[in-house]
Amino acid sequence: MKFLVFGFLSFLMLAVGILWTGESFGWWGEEPTSGSGTAVLGPPIAGLGVAMAIVVVQQAFKRD
């Protein structure tokens with residue numbers, strides 16, 4: 001159960017980070033928002049989501 005919760009949380013962090021990064025670069029939306037907080041927080045949140053997913057997968061395989 002723990003792996004599902006943390007796996008979903010890591011996926012959510014990755015999705016939010018990609019969304020905020022894309023909005024700040026102007027990939028979607030009206031225009032780039034380089035001065036907003038999402039431009040600064042998007043890439044680290046996505047990176048932490050990837051790191052968390054790696055740890056969750058490692059722990060899941062270690063458990064078996």
Side-chain angles (χ1 to χ4, degrees):
M1 182 69 181
K2 176 174 65 171
F3 297 110
L4 290 174
V5 171
F6 285 115
F8 178 73
L9 184 62
S10 66
F11 174 75
L12 186 65
M13 288 173 63
L14 179 63
V16 167
I18 289 173
L19 178 69
W20 286 355
T21 302
E23 285 179 353
S24 66
F25 287 150
W27 293 340
W28 49 81
E30 296 168 5
E31 59 186 47
T33 57
S34 60
S36 69
T38 59
V40 176
L41 293 176
I45 288 177
L48 287 173
V50 169
M52 185 183 225
I54 290 170
V55 170
V56 166
V57 169
Q58 285 178 346
Q59 292 296 320
F61 281 119
K62 190 177 189 181
R63 181 175 160 222
D64 289 338

Table please: side-chain donor-acceptor pairs of residues 1-15 below 3.5 Å, with sequence neighbours left out.
residue, atom, partner, partner atom, Å
Ser10, OG, Phe6, O, 3.3
Ser10, OG, Gly7, O, 2.8

Which pairs would a plain distance check flag for residues 39-55, meaning a side-chain donor or acceptor within less than 3.5 Å of a matching protein atom at least two apart in sequence or in another chain?
none

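Taking Phe25 as the reference, Trp27 meet the ring pair (Phe, Tyr, Trp, His ring centres under 6.0 Å) condition, with sequence neighbours excluded.
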